[in-house]
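Lettering follows sequence order; numbering is per chain, from 1. Since the structure is predicted, the reported quantities are computational estimates derived from the model, not experimental observations.
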Number of protein chains: 2
Amino acid sequence: MASQSSTQIRRALHLAQTGAALEPGSAGIVQLRTECSACNLRELCAPCCGLNQSERNVAKRLVFKRMRLRRGESLYRTGDHFTSIYAVRKGFFKSVLLLENGHRAQVIGFSMQGEVLGLDGIGAGQHNCNAIAVEESEICAIPFAGLQLLAHEIPSLQRHVRRMMSREIVREQGVMLLLGNMNAEERLAVFLLNLSRRYAAQGYSPSEFDVRMTRDEIGSYIGANLETVSRTFSKFQKDGLLRVRHKSIRILDGAGLEGVAGR
Amino acid sequence: MASQSSTQIRRALHLAQTGAALEPGSAGIVQLRTECSACNLRELCAPCCGLNQSERNVAKRLVFKRMRLRRGESLYRTGDHFTSIYAVRKGFFKSVLLLENGHRAQVIGFSMQGEVLGLDGIGAGQHNCNAIAVEESEICAIPFAGLQLLAHEIPSLQRHVRRMMSREIVREQGVMLLLGNMNAEERLAVFLLNLSRRYAAQGYSPSEFDVRMTRDEIGSYIGANLETVSRTFSKFQKDGLLRVRHKSIRILDGAGLEGVAGR
DNA sequence: CGCTATCTTGAGTAGCGTCAAGTCATGTGG
DNA sequence: CCACATGACTTGACGCTACTCAAGATAGCG
């Protein structure tokens, strides 16, 4: 069923890109047409950010397509033809890498509201992982070919794309450090502090938030199993660092948590 | 002393970029001026690869600078101002990420002959890790600003830069999978098969090669300690998969090794 | 209200890290 | 050319962290 809905989404995207009509609301997917200049995320949105007014006018030519996805639905899958990068307008996604035998899988990243998804496809022309909604989410698809045409006229846009890619490289380097060098407590602490910082960047409280993903998904990301994640949450609570009530997290001692994270 | 020689290299690079003269052979560093078209690595070299003749003529404007580094010398260090990307002409480099407290370090990648180094600096304008020669090495510095000017005229070059960055993202995703999901044997097997493939890509034997790095450096990269690396080498030898004689490796049973790697 | 997914906690174990001792290779200076 | 020092590697013993298996608690959903 996950595969089926993914197919529908891909079809929707294809239709959106070719400009063909789509039945609204089919399979719970709503597709909207918006101009960049009307996008209420344009302050956050990668390709618009940092443009001056005249550049924004040029950017109007780039028509974005919005879509909604429910928990478990795929935005794209490994091997899908790369056409767009995606700005997350609302919700949460996980990027899952599958081993060739398909037996093992690992979450290699989470993308939240205001962040960009799908850069891994630029090189090979096809996506290298599965992007799956962790909760009810809404994205804005940015056709990459159009983005490149624009970037040729707007150098700052070209720079912006490069900067996003470079940031992704640096982010992944940090995860490699986490996975290669840290124990379970340090990993979870780093994970929580990172989440906290990202919520803060979106204007939410850095000390009180929900983890939208399951213990299993967190564990997959930080290289531990779900029991270890759960135990470590409990230990942090016992030590007075957090208050954990299922998905709801309150950071009680940020400095203490940073101490555990080893900074 | 490592820090001192690094300073010298940075000074050399600065001089090279400003065009000032440099005493040849000082501190064992030799700096050479070469045009791209004369570079005998141009088939491998990232920015030249994939250009047609007329584009190559344009590319002649881009003057590269070559340098030699001895084992342990830094090509760049965390926080260094980003000016160039580097093509490895000869030798081997490791990229080392330092934790903020400077106490822990991890090798996050190795770059061999024919590969490119330094892409992590593009976004922030400064390097995010230390690039250190693992053996006597020679690199070709490609000034990034010049590369970008050229890329504006040669779209395929722009694409090429993007592709390199995207490949780096995908490579790091693979390392994350390795570090998050595999045991020591699987990690070492994956590491060796990857090395084998890269040696083959450079025209060397895929089944018989030297590991240029120490057990400690391998361990840091694959998230194990040096004893575990050594023990696993011994086990692979006992199982008839490899013949290991210190740094010299011969793969006796590639299929068996792939089996261990879990593919 | 019951079913299912998710989470928590416990007990036992295995893999890998730590500590330690010894071997081997490389390089340096007499 | 040899002696010695140093760095790199190997192997063993032991202990701890985190995984596995299992059972029960809790939340969310139809």
J.: Examine C:dG17: is either OP1 or OP2 under 4.0 Å from a nitrogen or oxygen in the side chain of B:Thr228? Give yes or no.
T.: yes

J.: Using side-chain hydrogen bond (donor to acceptor under 3.5 Å, both in side chains) as the criterion, list what pairs up with A:Ser234, not counting sequence neighbours.
T.: none

J.: Using five pairs at each end of the helix from C:dC1-D:dG30 to C:dG30-D:dC1 to define an axis, what is the angle between those two axes, to 10°?
T.: 50°

J.: If you look at every strand shown and take non-hydrogen atoms under 4.0 Å, does A:Asn183 touch a base, only sugar-phosphate, or nothing?
T.: sugar-phosphate

J.: Less than 4.0 angstrom from a charged side-chain N to a carboxylate O is my criterion; do A:Arg71 and A:Glu135 meet it?
T.: no

J.: Tell me whether the OP1 or OP2 atom of D:dT20 has a side-chain N or O from A:Asn225 closer than 4.0 Å.
T.: yes

J.: Does anything in residues 218-229 of chain B form a salt bridge (Lys or Arg N to Asp or Glu O under 4.0 Å)? List the pairs, not counting sequence neighbours.
T.: none

J.: Between protein and nucleic acid, restricted to nucleotides 6-9 of chain D and to nitrogen or oxygen atoms under 3.5 Å apart, what atom pairs and distances do you find?
T.:
residue	atom	partner	partner atom	Å
D:dC9	OP1	B:Lys247	NZ	3.2
D:dC9	OP2	B:Arg215	N	2.9

J.: So, B:Gln237 side chain and B:Val244 main chain: donor-acceptor pair closer than 3.5 Å or not?
T.: yes

J.: When B:Glu208 is tested against each of B:Lys247, B:Arg245, B:Arg243 for salt bridge (charged side-chain N to carboxylate O under 4.0 Å, His left out), which residue passes?
T.: B:Arg243

J.: Taking B:Ser137 for its side chain and B:Phe92 for its backbone only, find out whether a donor-acceptor pair lies under 3.5 Å.
T.: yes

J.: Is there a donor-acceptor pair under 3.5 Å between the side chain of B:Asp120 and the backbone N or O of B:His127?
T.: no

J.: Round to the nearest Å and state the distance from B:Arg245 atom CZ to D:dT10 atom C1'.
T.: 15 Å

J.: Quick one: list whatever passes ring pair (Phe, Tyr, Trp, His ring centres under 6.0 Å) with A:Phe209, sequence neighbours left out.
T.: A:Tyr199

J.: Would you tabulate the nitrogen or oxygen pairs shorter than 3.5 Å linking the protein to nucleotides 19-23 of chain C?
T.:
residue	atom	partner	partner atom	Å
C:dC19	N4	B:Glu227	OE2	3.1

J.: Can you see whether B:Gln126 engages B:Asp80 through a side-chain donor-acceptor pair at a distance of less than 3.5 angstrom?
T.: no

J.: A:Lys238 has an atom NZ; how far is it from atom P of C:dT8, in whole Å?
T.: 15 Å

J.: Measure CD1/A:Ile218 against C1'/C:dT8 and give the value in whole Å, please.
T.: 14 Å

J.: Assess, by modelled atom type and distance only, whether the side chains of A:Ser74 and A:Asn130 contain a donor and an acceptor separated by less than 3.5 Å.
T.: no

J.: Provide, to the nearest angstrom, the distance between the CE atom belonging to A:Met182 and the P atom belonging to C:dG17.
T.: 16 Å

J.: Can you find a side-chain donor-acceptor pair between A:Tyr204 and A:Gln113 that sits under 3.5 Å?
T.: yes

J.: Indicate, with a heavy-atom threshold strictly under 4.0 Å, whether A:Gly219 touches base, sugar-phosphate, or nothing.
T.: nothing

J.: Using distance alone, with no hydrogens and no angle criterion, decide if A:Asn183 and A:Arg187 have a side-chain donor and acceptor under 3.5 Å apart.
T.: no

J.: Rounded to whole angstroms, how far apart are CD on B:Gln237 and C1' on D:dT11?
T.: 14 Å

J.: Round to the nearest Å and state the distance from A:Glu186 atom CD to D:dA18 atom C1'.
T.: 14 Å

J.: Whole angstroms only, please: what is the CG-P distance between B:Leu188 and C:dC16?
T.: 12 Å

J.: For B:Asn181 and D:dC19, give me the distance from atom CG to atom P, rounded to whole Å.
T.: 11 Å

